[in-house]
2 protein chains.
Amino acid sequence: MGTRERRQREVAEREQLFLDAARSLIREDGLLNLQMSRVAEKCDYAVGTLYQHFVSKEDLLVALASDQAQERVDLFVRVYRAKASTRDRMLGFAVADIVYARRRPEHFRLLQFVFTDVIWGATPPARRQACMEAHAPLRQAALDLIDEAIGAGDLDPRGLTPSEICLAPWAMSTGLHAIVHNEGLVEQHQFAEPYRLMLRYINDLLNGLGWKPWTDSTDAAALDALAERLCKEVLHESYCA
Amino acid sequence: MGTRERRQREVAEREQLFLDAARSLIREDGLLNLQMSRVAEKCDYAVGTLYQHFVSKEDLLVALASDQAQERVDLFVRVYRAKASTRDRMLGFAVADIVYARRRPEHFRLLQFVFTDVIWGATPPARRQACMEAHAPLRQAALDLIDEAIGAGDLDPRGLTPSEICLAPWAMSTGLHAIVHNEGLVEQHQFAEPYRLMLRYINDLLNGLGWKPWTDSTDAAALDALAERLCKEVLHESYCA
DNA sequence: GCGAATTTTGAATTCAATTCATGAAATGAT
DNA sequence: ATCATTTCATGAATTGAATTCAAAATTCGC
């Protein structure tokens, strides 16, 4: 009978409603001021109902991070499938992140917060697992591309596993997002265009890793053009938003 | 009269007492379980007294992060002053961080947490300022070294400012610390020796940035030897602890 | 030693997260 | 359709930790 399924769907819809409400409240008042009762109120449900979906505030935050991951994954997959060299596509992942960071400025701040051990450690294992799984395709896309590059002879792993190679740009972009999304750090040091720098650094890193073809990092125009092209053709979005 | 100064010193000592107590409680029970009343209790003071030093829990955490920075700064300064090529010293900063991360495993987790905008945003401006200043020498050491390298012809900035060059390894190491110090990420992907990888990535990055002399990243033994040497001679610490 | 000023104290307050007794709605057997 | 049963939604009440603040203790200047 379809009754159970309908109910299941309604519950899923309500969960999405809560997540959207939380996201919108975070945009308005910041993560700092998010209150569970406000989330419930905004959806015209009692707090108890909210707690049937998320056993704690941490649970809600991690669920939200997982939910938002899908959109980022979609961008990564499009880059992975793009018609371009392995190297351009690797850089393209960074471009995808730049686009995504602009579209959802709160996302990386949320990610940074939930991956803090204070929050992560207070989150139920099942939810953590789901969050890891929601993000896994990002890594997988990078790993697949690395495999492809090795297979095509574009990249000599020189003793590293694909997973280890993947870690390098991952760390670089994680670190940059963390630095950029922190008021106080940027405002103090005033990096003109941190994300433009990110592309250059990753390009340098890929050169250092020996990913062919070697590409001149000095040629900012060429990097911009590549980013531009990927944004337009692959992500259907303008680069300088 | 020395009365005021004595009192001032007593207050400073007590502040240190609180910070040490907080650090020790965090080591025992984790950041998640830190309670202001416990910190006060552990020092045999009333909570109110604790609140004369730190206006909020966030304030205490940021103060703790600032306090711990000094030790890390000392390591950086020793590396900066070491007798070694500019390039070896740049890598040496990473070695210093590795040593420091081993000595104070909680430090990077705390840093990651306090630089979260939830915590940072709830911290009084004066304390934030102090925290930035406590960390500034790390950056300064790197900047000085970069200037020296450019001056000595070891490094062609190729259009980047020293500050921008500095950002690259900074982001890389920030990102790696964040990934490494997060249970769940490492445990899942099982990177054998993440910090050994860090040296290699930074080495690759320096190659990519064109920092001379070009150094073979494949030669793990050479990197280990350098790390070993720096640990022993400069940091007076064994590398494989 | 004495009153004013400063500091310390910890019980009381606050405030958001979380629980749970209650009643409402859905289900399903008769 | 009716009633017993289970399941679900509710929001007032509870909890627990951060924070406050009036009273007590201490220090200071004379």
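Chain letters run A, B, ... following the sequence lines, proteins first, then strands; residues in each count from 1.
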Results of side-chain hydrogen bond (donor to acceptor under 3.5 Å, both in side chains) for B:Thr49 - residues two or more places apart only: none
Sequence-distant partners of A:Arg196, side-chain hydrogen bond (donor to acceptor under 3.5 Å, both in side chains), two or more places apart: A:Glu193, A:Asp224
Residues within residues 47-59 of chain A bordering DNA chain D, heavy-atom distance below 4.0 Å: A:Val47, A:Gly48, A:Thr49, A:Gln52
Distance-only donor-acceptor check, side chains A:Ser163 and A:Arg139, under 3.5 Å: yes
Sub-4.0 Å heavy-atom contacts from residues 13-41 of chain A onto DNA chain C, ordered by number: A:Leu34, A:Gln35, A:Met36
Partner residues of B:Tyr195 under the ring-ring contact (aromatic ring centres under 6.0 Å, His included) criterion, sequence neighbours left out: B:His177
Dot-bracket summary - DNA chain D, pairs being Watson-Crick or G-U whose distances fall under 3.5 Å, with | when paired to another strand: ||||||||||||||||||||||||||||||
d(CG, A:Leu61; C1', C:dA17) in whole Å: 12 Å
Contacts of A:Asp144 that satisfy side-chain hydrogen bond (donor to acceptor under 3.5 Å, both in side chains) - sequence neighbours left out: A:Gln140
Cut-off 3.5 Å, no hydrogens considered: what does the side-chain donor-acceptor table look like for residues 26-35 of chain B, sequence neighbours left out?
from    : atom 1 : to      : atom 2 : distance (Å)
B:Glu28 : OE2    : B:Ser24 : OG     : 3.4
B:Glu28 : OE2    : B:Lys42 : NZ     : 3.4
B:Asn33 : ND2    : B:Asp29 : O      : 2.7

Report, one line per pair, each donor and acceptor closer than 3.5 Å where one atom sits in a side chain of residues 61-68 of chain A; sequence neighbours left out.
from    : atom 1 : to       : atom 2 : distance (Å)
A:Ser66 : OG     : A:Val62  : O      : 2.8
A:Asp67 : OD2    : A:Gln16  : NE2    : 3.2
A:Gln68 : OE1    : A:Arg23  : NE     : 3.2
A:Gln68 : NE2    : A:His107 : ND1    : 2.6

Residues in side-chain hydrogen bond (donor to acceptor under 3.5 Å, both in side chains) contact with B:Arg127, at least two apart in sequence or another chain: B:Asp59
A:Glu41: salt bridge (Lys or Arg N to Asp or Glu O under 4.0 Å) partners, not counting sequence neighbours: none
Contact list for residues 7-33 of chain B, test ring pair (Phe, Tyr, Trp, His ring centres under 6.0 Å), sequence neighbours left out: B:Phe18-B:Tyr45, B:Phe18-B:His53
